[in-house]
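Structure first, then comments.
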Amino acid sequence: MATLRAELGGAASAHGGAVVGPDDSPDLLLALEPSARDIPGAGPDSSAGGFRLVRDDGRVTVTASSATALLHGWFHVVRLGAAAFDGPDADERHTPALGLRMLDHWDNVDVHPYMGQVERGYAGGSIFYADGRVREDLSRVTTYARLLAAVGIDRVAINNVNVHAREARLLTEDLPEVARIAAALRPYGVRTHLAVSFAAPMTLGGLPTSDPLDDGVRAWWREAADRVWAAVPDFGGFLVKADSEGQPGPFAYGRDHADGANLLAEAVAPHGGVVHWRAFVYNHTQDWRDRATDRARAAYDHFAPLDGRFADNVVVQVKHGPLDFQTREAVSPVLSAMPRTRIALELQVTQEYTGQQQHVCYLGPWWSENLSFRPWGHDGASVADVVAGHGPDAARPVAASGGGGIAAVSNVGDDAFWTGHPLAQANLYAYGRLAWDPTLDPTAVLDEWISLTFPGADGAVAPRVHDTLHAVMDDSWRTYESYTAPLGVGFMVSPLRAHYGPDVDGYEYSKWGTYHFADRDGIGVDRTRATGTGFTGQYPAPWRDVYEDLATCPDELLLFFHHVPYAHVLHSGTTVIQHVYDTHFAGVERVRDTIAAWESLSGSIPADVDARVRERLAEQLRSAVEWRDQLTTYFFRKSGVPDARGRTIY
């Protein structure tokens with residue numbers, strides 16, 4: 001409650017008014033009330049529980065059963081502004097749809113020689129670590145926690161899922177430093193999680209094995225969990241990447257992922273802890289000559305047979321698509337395959353494959369599409385329902401726990417603008433808002449962010465600023481898609497520049513299993529049951545058949561599911577090759593329009609924000625032109641088919 005009192009005092013000081021007692025007829029009353037526990041999901045120590053807002057004759061009362069939930073209610077009022085007090089009397093209950101709402105930081109304590117301070121970080125260094133240790137001054141971490149609480153995020157994993165030797169020690173000798181970070185996050189109700197290495201009993205404990213069925217290993221993890229909770233009583237749990245891209249795991253001992261996850265689940269269960277176990281597992285040493293091995297199949301093949309074997313406090317964390325956060329790929333079939341397991345949807349707020357926070361790319365519409373996707377057809381449950389524990393045939397423990405919720409890779413760093421590109425802050429905001437309520441319109445969410453970020457002297461956004469920012473950002477994800485990899489094919493990015501910019505064949509003859517199979521006759525990956533890898537068969541009806549058939553497969557996923565000739569005619573009426581030419585030229589022009597729109601705001605935007613955005617837009621245009629010229633030239637040289645509009649291709 002001290003945090004909330006400080007928030008109210010700060011607001012009164014900045015905007016007028018006073019903080020008074022409940023008997024002084026305040027315009028806004030915030031109260032902890034046991035009676036609020038009838039709000040679904042509420043509990044004495046829960047941030048999953050929501051709050052109740054009652055408006056009566058212009059006065060607003062917000063009640064909740066926990067300090068964190070009440071804090072969320074306060075930020076809801078702040079978000080509404082004067083509108084919270086206007087309108088007819090109302091009695092509203094606001095409960096998050098997803099009880100677990102988490103951000104994963106891929107921060108390294110040490111600066112990694114290749115990945116840097118923050119792996120896939122595009123906004124400077126870590127807010128937690130500097131010079132090989134936890135920062136002395138963690139005030140920015142508390143400010144960050146405030147930012148997260150304002151949008152409803154309540155859990156943070158504070159280190160990289162690729163746990164290197166230095167980061168592994170956070171679990172042992174550096175626990176006092178972890179406790180300092182947790183103390184900086186705690187005032188805003190944000191709980192701390194750690195990514196841990198499956199090999200920790202060997203690398204940290206000196207044991208000869210990490211076999212999950214070994215009694216000594218089980219005892220080591222129990223003792224490790226006891227030490228963590230002794231240091232951080234409100235600790236959330238462990239995040240694990242195992243048997244993936246070289247990380248150690250249970251496969252070394254002939255065990256499976258349920259064995260590995262349940263080992264940790266047993267250790268954290270007495271403390272009410274959760275184990276997030278990532279499903280990003282595949283063969284990363286493939287032979288590019290072998291067209292039968294399909295990376296997209298891997299997560300389903302590994303995890304679907306284990307449904308029902310994971311402990312109740314294990315959350316299997318599933319990337320939204322079966323590959324790797326591509327700009328466009330099908331929704332992962334794992335999300336619909338495990339009704340007896342708590343499943344979390346994993347998104348990537350950091351823009352690894354969407355312009356790395358150099359390009360404007362508002363991701364809210366993309367995430368909304370994923371959350372609203374209905375694996376069992378238009379009348380069935382959505383992905384949001386599944387991760388909330390409401391999927392069809394959901395086991396009783398899955399439903400009772402509220403499912404696995406949502407997680408995402410964070411996009412912040414120590415940059416002055418938090419996210420490097422000031423407009424990338426909208427993605428962090430949208431993630432939090434959609435995690436709280438997946439049914440929100442992403443355009444309306446962007447409108448909220450604009451209103452809160454660019455108010456004028458009177459507190460309102462100038463209409464010209466409002467409209468221009470929507471013009472710049474509303475369709476920016478599709479603009480980015482238009483000048484990059486087409487029709488769902490993915491991975492035409494540069495390995496040498498950490499996935500930034502075009503390199504059409506950068507992964508084509510590599511071990512990573514991310515191929516497009518372009519030749520003189522066509523392009524795309526045959527994932528059909530009839531002639532390909534059989535991946536379409538991992539989906540329930542009707543999508544298994546929709547994706548299987550060229551006549552019904554959506555254009556935007558055509559090359560994800562099919563290998564087709566360049567002359568194949570899309571549902572749009574154009575050929576594949578002409579679509580590549582048209583979209584890539586049009587995408588560059590849309591970037592030019594974006595720059596012109598932004599420049600029209602000169603003098604209406606803070607000078608530092610304006611300068612940074614102009615710098616990033618210039619780089620976006622340069623990169624978009626490079627994408628256009630490489631992609632169109634590549635496809636022309638492969639196909640020999642000229643552009644019907646006669647534009648310059650090299």
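Small disclaimer: the values here were computed from a predicted structure and weren't measured.
Counted by atom type alone, N108 and H112 present zero donor-acceptor pairs between their side chains at under 3.5 Å. With no hydrogens or angles considered, a side-chain donor-acceptor pair links N160 and E119 at under 3.5 Å.
Remark: aromatic rings of Y431 and Y429 are distant, center separation not under 6.0 Å. The aromatic ring centroids of W366 and H320 lie less than 6.0 Å from each other. Here the two rings, on Y353 and F491, have centers that are under 6.0 Å apart. The ring of H105 has its center closer than 6.0 angstrom to the ring center of F128. F238 and H276 have their aromatic ring centers separated by at least 6.0 angstrom. Checked against a 6.0 Å centroid threshold, the rings of Y500 and H359 count as neighbours. Aromatic ring centres of H76 and F51 lie closer together than 6.0 Å. Taking the six-membered ring for Trp, F454 and W449 have ring centres closer than 6.0 Å. Ring pair H94/W436: centre-to-centre distance not below 6.0 Å.
Within 6.0 Å of CZ in R227 there are more than 12 heavy atoms belonging to other residues, nucleotides or ligands. Atom CG of D226 is surrounded by more than 12 heavy atoms from other residues, nucleotides or ligands within 6.0 Å. Other residues, nucleotides and ligands place more than 12 heavy atoms under 6.0 Å from the CZ atom of R497.
Salt-bridge check for R169 with E177: failed, with every basic side-chain N at 4.0 Å or more from each acidic carboxylate O. Between D234 and R191, no side-chain nitrogen of the basic residue sits less than 4.0 Å from a carboxylate oxygen of the acidic one, so the salt-bridge criterion is not met. Between R166 and D174 there is a salt bridge, since a side-chain N of the basic residue sits under 4.0 Å from a carboxylate O of the acidic one. Salt bridge status for R612 with D415: present, with a side-chain N to carboxylate O gap under 4.0 Å. Residues R295 and D324 are paired through a salt bridge, judged by an N-O separation under 4.0 Å between the basic side chain and the carboxylate. Look at D104 and R278 and you find no salt bridge, because none of the NZ, NE, NH1 or NH2 atoms lies under 4.0 Å from a carboxylate O.
Cation-pi geometry between R140 and W418 is met: the NZ or CZ atom falls under 6.0 Å from the ring centre, inside 45° of the normal.
Note: H284 and Y282 have perpendicular aromatic rings, judged against thresholds of 30 and 60 degrees for the angle between ring planes.
Here the CD-NZ distance, from E329 to K319, works out to 8.5 Å after rounding to the nearest 0.5 Å.
Between V196 and V240 the shortest side-chain heavy-atom distance falls below 4.5 Å. Inter-residue side-chain proximity for V398 and T341 is flagged as unmet; no heavy-atom pair is nearer than 4.5 Å. Contact of the I158 side chain with the H193 side chain is not registered, since no non-hydrogen atoms from C-beta on lie closer than 4.5 Å. For the pair D154 and L148, the minimum side-chain heavy-atom distance is 4.5 Å or more.
Residues S410 and T350 approach most closely at O-CB, 3.2 Å, considering heavy atoms.
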Verdict with supporting geometry, R52 and E92, salt bridge (Lys or Arg N to Asp or Glu O under 4.0 Å): CA-CA 6 Å; R52 180 179 182 181; E92 305 168 354; over 6 Å; no

Full working for side-chain contact (heavy atoms from CB on, under 4.5 Å) between R135 and D414: CA-CA 12 Å; R135 290 178 179 271; D414 65 0; 3.2 Å; yes

